[in-house]
Amino acid sequence: MRIPHFFIDRPIFASVISIIFVILGGVAFVRLPVAQYPEIAPPTITVTGQYPGASADVVASTVATPIEQQINGVENMIYMSSNSTGDGRFSISVTFELGTNLDIAQVQVQNRVAIAEPRLPIDVRAIGVTVATSSPDLMMVVHLYSPDRSRNTLFISNFATLEITDTLTRIDGVGSITVFGSRDYAMRIWLDPSRMQTLGLTAGDVVVALQGQNVQVASGVLNQPPMDKSGAFQISVQTLGR
């Protein structure tokens with residue numbers, strides 16, 4: 001009973017102690033690592049890419065496996081999972097321990113992917129391999145459809161890519177947006193093996209010919225310095241590309 005009476009008999013001293021405790025609590029509140037919504041799910045880094053025309057087995061063996069071999073053992077990694085689909089797409093999810101700095105983890109994974117890139121097929125390297133932070137949880141799923149069935153799935157997928165994805169990505173708090181089953185406008189060519197054998201051509205020859213006819217070039221500008229007599233106007237030359 002002596003301690004309570006000590007502060008009761010000395011109110012000024014008790015008030016000073018209380019004020020000091022309040023000040024220390026306010027300073028500690030700002031510096032304490034307390035979050036309103038603490039992280040529950042482990043942080044995840046996702047590696048994605050595409051190998052056009054390849055099956056799931058080919059993607060897994062020629063693309064996903066070399067990348068996994070390099071990423072395996074990165075600092076603070078818990079486990080890793082990969083997924084290869086029949087349309088040539090692959091996704092590798094690297095899960096880290098709670099509290100891991102995602103920025104540092106992303107740089108480390110990016111460095112490991114850069115080591116594996118020389119072993120990847122040329123088509124994969126040309127399209128690029130993306131390394132990004134992601135959350136394994138889905139916040140919202142939106143279904144797009146045509147009520148009168150006047151638009152097909154190809155149009156709806158292309159509309160979502162051009163008009164909706166960029167707008168939603170700019171919203172604060174949105175990390176990434178995935179268009180499931182996306183269908184993009186492209187050109188698909190079927191080759192006749194008998195005709196190609198007669199002409200002495202291979203699939204690579206056809207690809208090279210298509211690439212040669214699908215080039216967008218910079219044609220230059222007329223009357224652009226340095227010239228002896230520059231004209232009144234500078235005209236950009238436009239050519240029919242692609």
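A quick note: this is a predicted structure, and the numbers were derived from the prediction, not measured. Start at 1 with the first residue, then count along the sequence.
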Whether the [X] and [Y] side chains hold a donor-acceptor pair (N or O, under 3.5 Å, no angle test) is what I'd like checked.
X	Y	value
Ser55	Asp57	no
Asn83	Ser81	no
Asp205	Thr202	yes

Legend entry - Residue pair Gln211, Val207: steps toward the side-chain contact (heavy atoms from CB on, under 4.5 Å) verdict: CA-CA 6 Å; Gln211 292 176 345; Val207 173; 3.6 Å; yes

Counting only heavy atoms not in [X], do more than 12 fall under 6.0 Å of its [atom1]?
X	atom1	value
Ile122	CD1	no
Ile12	CD1	no
Asp172	CG	no

Output a table of donor-acceptor pairs, distance under 3.5 Å, between side-chain atoms of residues 66-78 and any protein atom two or more places apart or on a different chain; print 'none' if there are none.
from	atom 1	to	atom 2	distance (Å)
Glu68	OE2	Ser82	OG	2.5
Gln69	OE1	Arg119	NH2	3.3
Glu75	OE1	Gln108	NE2	3.2

Tell me whether [X] shares a hydrophobic cluster with [Y], the cluster being built from Ile, Leu, Val, Met, Phe, Trp, Tyr side chains joined at under 4.5 Å.
X	Y	answer
Met140	Ile156	yes
Ile189	Met196	yes
Ile164	Ile177	yes
Leu120	Ile115	no
Val142	Leu168	yes

Does the side chain of [X] reach to within under 4.5 Å of the side chain of [Y], using non-hydrogen atoms?
X	Y	result
Asp123	Tyr51	yes
Phe96	Val94	yes
Val109	Val47	yes
Thr48	Phe90	no
Ile127	Pro52	yes
Met80	Thr95	no
Gln50	Val59	no
Arg195	Leu199	yes

Between [X] and [Y], what is the shortest heavy-atom contact and its length?
X	Y	result
Pro118	Ala114	CD-O, 3.4 Å
Val129	Glu117	CB-OE2, 4.3 Å
Ala64	Ile92	O-CD1, 3.9 Å
Thr100	Ala105	CG2-CB, 4.2 Å

Test item: [X] side-chain N/O and [Y] main-chain N/O as donor-acceptor pair under 3.5 Å:
X	Y	answer
Ser150	Ser146	no
Asn158	Leu154	no
Thr62	Val58	yes

Inset, instruction - Check whether NZ of the Lys or CZ of the Arg Arg151 lies under 6.0 Å from the centre of the six-membered ring of Phe155 and within 45 degrees of that ring's axis. - result: yes

Inset, instruction - List the steps and the verdict of side-chain contact (heavy atoms from CB on, under 4.5 Å) for Val237 and Val221. - result: CA-CA 6 Å; Val237 179; Val221 180; over 6 Å; no

Legend entry - Pair Leu222-Gln234, side-chain contact (heavy atoms from CB on, under 4.5 Å): steps then yes or no: CA-CA 6 Å; Leu222 298 178; Gln234 294 183 3; over 6 Å; no

